[in-house]
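What's counted below: heavy atoms across the whole structure, side chains too, no hydrogens, waters or symmetry copies.
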Amino acid sequence: MPDPAPALTEDIVATVLGFARSNVDPERIADKIDQYRPLLEMSRSDVFRPLGEIPPATAFNARWE
Amino acid sequence: MEPYELSFSEAAEKIRTRELSPVELVESSLGRIKETEPAINAFATVTEESALRQAAAAAQEIANGHYRGPLHGIPLGVKDLYDTAGVLTTSSSRVRADYVPDADSVAVAKLTAAGMIVVGKTHTHEFAFGATTPTTRNPWDTSKVPGGSSGGSGAAVASGSVTVALGSDTGGSIRIPASVCGTVGLKPTYGRAPRCGVASLSWSLDHVGPLTRNVREAALVMAAMSGYDRRDPASVDLPAPDWSADLDGSVAGVRIGIPVNFYNERVQPEAWSAAMSAADVVASLGAELVKVEIPMAETIMAAEWTIMLAEASSYHQEALRDTPELFTDEVRVLLEAGEAVLATSYINALRSRTLMQAGWKDMFRDIDVLLAPTVPGPGVDAENPVFAWAADDVEAATSAYSRVCAPANLTGLPAISVPVAFTAEGGLPLGAQVIGKPFCEGDVIRIAAAYEAATDHVGRVAPMSMRVSSVS
């Protein structure tokens with residue numbers, strides 16, 4: 001059983017959005033954090049474990065024609 | 001009876017035999033649009049002038065003996081996500097308020113080549129990122145949402161303005177409005193129909209397809225939209241399909257999976273009962289009902305939303321940087337959240353999808369199709385679009401509607417929604433979806449057509465005159 005994920009704080013979201021150069025200002029992050037949080041909690045990568053050697057489902061097609 | 005009230009089959013036959021001119025049908029369609037738009041606002045743009053011009057050309061062509069087939073002269077509504085040459089294509093967003101494409105999307109080009117006549121562009125939830133379509137109302141009760149994201153197409157078909165309108169389906173956006181508005185909605189197998197020229201929400205989940213009044217035109221239009229196109233990386237190189245035999249096919253011996261989990265959770269009892277009654281109808285025609293467990297149910301929403309958020313935020317990143325204020329706040333929040341989805345989360349969601357596909361393949365060893373409610377309940381109040389499951393458990397309508405549809409997007413399997421009941425209170429439509437094996441659209445069409453023939457739930461036009469009130 002993995003350790004519970006740390007709470008997704010406003011500071012963490014601000015750091016990630018800052019690294020992404022998203023131009024979302026701190027006031028807006030504070031205002032919208034309750035809407036961001038459930039979406040981002042859902043996407044935490046440990047939700048999908050265990051994955052072992054499973055490859056991703058992608059749609060790249062190497063054919064030229 | 002006005003021409004717009006004719007079913008697709010009746011109208012197509014009358015056009016073929018020259019009892020009805022495409023001009024009369026298009027004029028009737030445009031008249032119905034004018035009559036109903038104040039109440040439902042299904043259309044972003046009505047292309048009256050070009051539609052009448054094309055109708056006159058179609059009439060002349062048919063008079064000259066060049067009948068192209070059953071789609072010739074039939075009015076078509078096109079979701080405003082689809083490029084249409086020379087016609088404003090806004091995706092119902094201020095971000096693209098002035099966008100006029102130079103060329104048609106592949107789907108529109110194929111359908112107009114088959115003789116269909118575009119009468120207008122239908123509203124979408126902004127960039128298809130939502131399931132309520134706030135611009136538009138439900139023809140069955142104008143205080144309710146039409147579903148989404150192809151809400152304008154659902155409302156246009158339900159109101160009788162057209163018998164066919166195009167949609168796109170990333171998390172149920174064809175099937176949701178079809179269910180909520182009481183129309184048929186067909187999402188093909190991922191890769192069956194090219195999406196070139198259609199604004200993307202999420203490349204690996206997007207599908208294009210029609211919403212229709214009856215099953216027959218859904219099969220014909222879907223077939224006409226299908227075919228390999230190298231420009232769409234997901235496009236699969238298969239010959240053009242023909243599902244006409246399935247429209248009159250038998251369902252005897254078909255094994256229908258009935259889910260014992262996921263699709264019966266956080267679903268209104270009336271919606272579940274309606275779907276199970278539909279299963280009983282098909283069983284009475286000779287199908288066998290088999291209970292099945294949906295695999296990896298706990299991961300479905302996480303995978304759907306992680307993939308959708310990340311891909312949508314990538315698609316809209318430049319616009320979000322340059323003109324964030326032009327997005328509605330609802331969609332802007334989703335796109336901003338998507339910026340914070342980690343690459344590893346996104347890839348793990350795609351890896352989880354691989355496992356899900358294997359699980360569904362295994363589940364389908366015992367069944368031919370799966371039957372389930374399309375959505376957890378009917379159209380919700382437009383002013384407060386939520387499902388309240390308990391005092392402390394309120395779910396946004398977009399999340400609730402897409403939750404029940406998402407498996408067919410993640411697995412890419414073909415799915416059709418048909419109306420199967422009307423609520424006891426308010427008479428709102430409820431739909432059931434039939435999901436088939438990959439590239440076996442004929443199976444779901446056969447079930448839907450058999451159900452349609454055995455009941456009177458499919459093909460109704462909303463009695464709008466009883467409930468018209470203007471959209472504020």
What part of B:Met296 gets within 4.5 angstrom of chain A, counting heavy atoms only: side chain, backbone, both, or neither?
neither

Counting heavy-atom pairs under 4.5 Å with chain A, the top scorer among B:Val333, B:Asp237, B:Val341 is B:Val333

With chain A, which of B:Leu335, B:Asp329, B:Ile307, B:Ile347 has the greatest number of heavy-atom pairs at distances under 4.5 Å?
B:Asp329

Hey, what's the ring geometry for B:Trp305 with B:Phe129, parallel, tilted or perpendicular (30° and 60° as the breaks)?
parallel

Selection from A:Leu40, A:Val13, A:Ile29, A:Thr15 maximising heavy-atom pairs under 4.5 Å formed with chain B
A:Leu40

Go through the atoms of A:Val24 and report whether side chain, backbone, both or neither lie under 4.5 Å from a heavy atom of chain B.
side chain

Would you say the side chains of A:Ser22 and B:Glu336 form a donor-acceptor pair under 3.5 Å?
no

Any luck finding a side-chain donor-acceptor pair between B:Thr306 and A:Ser43 under 3.5 Å?
no

Strictly distance-based, threshold 3.5 Å: is any side-chain N or O of B:Asp362 a donor or acceptor partner for the main-chain N or O of B:Ala358?
no

Checking heavy atoms, do the side chain of B:Ala303, its backbone, both or neither come under 4.5 Å from chain A?
both

Contacting moiety of A:Pro38, where chain B heavy atoms sit under 4.5 Å:
neither

Is a side-chain donor or acceptor of B:Asp169 paired with a backbone partner of B:Ile174 at a separation under 3.5 angstrom?
yes

Does the distance from a Lys or Arg side-chain N to an Asp or Glu carboxylate O, for B:Asp393 and B:Arg266, drop under 4.0 Å?
yes

Can you tell me which portion of A:Arg28 sits under 4.5 Å from chain B's heavy atoms? Options are side chain, backbone, both or neither.
side chain

